[in-house]
Amino acid sequence: MTLAHDTWALMAPPPRLVLDAVETSAKLARDFTREYVTFHASDIGGELLDDVTLVVSEIVTNAIRYGTEPGDSLLVALAHGPDRVSVEVHDTRRASPRFKPESVERQRGRGMFIVDALATWGVHERPFGKIVWAEVKAS
């Protein structure tokens, strides 16, 4: 191992980020996602990067609003392959995300429709919560 390799490893964004379950964490999750994908999967196109960033933002926002209690934290984990990026968001409630009926009066409730349009996704239970996972593939 060389000094250059050691320096590169220190600069590399980690694959996991723990966030406070507060509204401002959605932006931190987007920034983390862009930094991780740009560094680790630079060959992935801009459209896939935008899609992954949006999916992370929607799942994290959903976890903050419906999957946590005040004072909780959540975990965002990313992984990548040649043509895909995988996302996990761990939160503290077992209730699965839901699709809400369409409404012109409501400002919220479209996040999982967006995730469903851009990714394959699902939910795994874990002790004391759940993991919402998604995989975004290049088209």
Side-chain angles (χ1 to χ4, degrees):
M1 212 178 287
T2 66
L3 181 58
H5 183 269
D6 291 342
T7 303
W8 175 86
L10 291 174
M11 296 178 357
R16 297 171 178 259
L17 178 67
V18 176
L19 297 167
D20 292 330
V22 295
E23 293 289 327
T24 55
S25 289
K27 180 186 182 323
L28 296 173
R30 288 191 300 272
D31 293 345
F32 165 70
T33 300
R34 287 194 171 281
E35 183 179 343
Y36 175 90
V37 173
T38 300
F39 188 91
H40 291 286
S42 58
D43 55 336
I44 290 177
E47 185 176 329
L48 182 59
L49 175 59
D50 291 344
D51 289 351
V52 171
T53 303
L54 183 54
V55 165
V56 167
S57 184
E58 294 300 335
I59 295 174
V60 167
T61 298
N62 203 57
I64 292 165
R65 289 183 178 158
Y66 310 111
T68 58
E69 298 281 339
D72 285 347
S73 59
L74 54 95
L75 171 73
V76 179
L78 301 174
H80 66 283
D83 65 343
R84 62 156 181 81
V85 176
S86 300
V87 175
E88 290 184 356
V89 176
H90 300 231
D91 67 41
T92 58
R93 285 205 179 157
R94 288 201 170 175
S96 292
R98 298 180 299 153
F99 293 99
K100 293 187 177 179
E102 290 185 35
S103 170
V104 294
E105 297 169 3
R106 188 176 53 242
Q107 296 287 322
R108 297 179 177 179
R110 296 174 184 87
M112 294 314 293
F113 287 104
I114 293 168
V115 171
D116 197 54
L118 297 175
T120 302
W121 69 279
V123 179
H124 295 298
E125 288 188 8
R126 65 179 185 92
F128 308 110
K130 69 178 172 302
I131 301 166
V132 179
W133 62 268
E135 184 172 88
V136 184
K137 292 184 179 179
S139 18

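Counting from 1, the numbers follow the sequence of the chain as shown.
The two residues Val55 and Ala134 have their closest heavy-atom pair at CG1-CB, 3.8 Å. Ala21 approaches Thr68 most closely through the heavy-atom pair CB-OG1, 3.3 Å. Taking both residues in full, the closest heavy atoms of Ala63 and Val89 are given as CB-CG1, 3.9 Å, listed atom of the first, atom of the second, then distance. The two residues Gly129 and Arg94 have their closest heavy-atom pair at O-CG, 3.5 Å. Between Gly81 and Ile44, the shortest heavy-atom distance links the atoms O-CD1, 4.0 Å. Taking every heavy atom of both residues into account, Arg126 and Asp91 meet most closely at NH2-O, 2.7 Å.
Residues Leu78 and Val87 form a side-chain contact, since some pair of their non-hydrogen atoms from C-beta on lies under 4.5 Å apart. Val60 has its side chain within reach of Val76: a pair of non-hydrogen atoms, C-beta onward, lies under 4.5 Å apart. Residues Asp50 and Glu47 fail the side-chain proximity criterion, which asks for heavy atoms closer than 4.5 Å. Counting heavy atoms from C-beta on, the side chains of His90 and Val18 never come closer than 4.5 Å. A 4.5 Å side-chain heavy-atom check between Asp116 and Trp121 finds at least one atom pair inside the cut-off. Using a 4.5 Å heavy-atom cutoff, the side chains of Val136 and Arg84 are not in contact.
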message = Between Glu23 and Arg65, does the side chain to side chain contact (heavy atoms under 4.5 Å, CB included) criterion hold? Intermediate values first, please.
response = CA-CA 8 Å; Glu23 293 289 327; Arg65 289 183 178 158; 3.7 Å; yes

key: side-chain hydrogen bond (donor to acceptor under 3.5 Å, both in side chains) evaluation trace for Ser57 with Arg30   = CA-CA 6 Å; Ser57 184; Arg30 288 191 300 272; 2.9 Å; yes

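Aromatic ring pairs are classed by plane angle as parallel below 30°, tilted from 30° to 60° and perpendicular above 60°; the pair His80 and Tyr36 is perpendicular.
Judged by distance alone, the side chain of His40 and the main-chain N or O of Pro13 form a donor-acceptor pair under 3.5 Å.
Comment: Lys130 does not engage Glu125 in a salt bridge, judged by the lack of any side-chain N to carboxylate O separation of less than 4.0 angstrom. At a threshold of 4.0 Å, the pair Glu88-Arg16 does not count as salt-bridged, since none of the basic side-chain nitrogens sits closer than that to a carboxylate oxygen.
Under a hydrophobic-cluster definition in which Ile, Leu, Val, Met, Phe, Trp and Tyr are linked whenever side-chain heavy atoms come within less than 4.5 Å, directly or via other members, Val22 and Val132 are assigned to different clusters. Tyr66 and Ile131 fall into different hydrophobic clusters, where Ile, Leu, Val, Met, Phe, Trp and Tyr are joined by side-chain heavy atoms under 4.5 Å apart, directly or via other members.
Rounding to the nearest 0.5 angstrom, the gap separating the CD1 atom in Ile64 from the OG atom in Ser25 is 5.0 Å.
Between Thr33 and the options Val56, Val85, Leu17, a side-chain contact (heavy atoms from CB on, under 4.5 Å) holds for only Val56.
A donor and an acceptor atom, one from each side chain of Asp72 and Thr92, are located under 3.5 Å apart.
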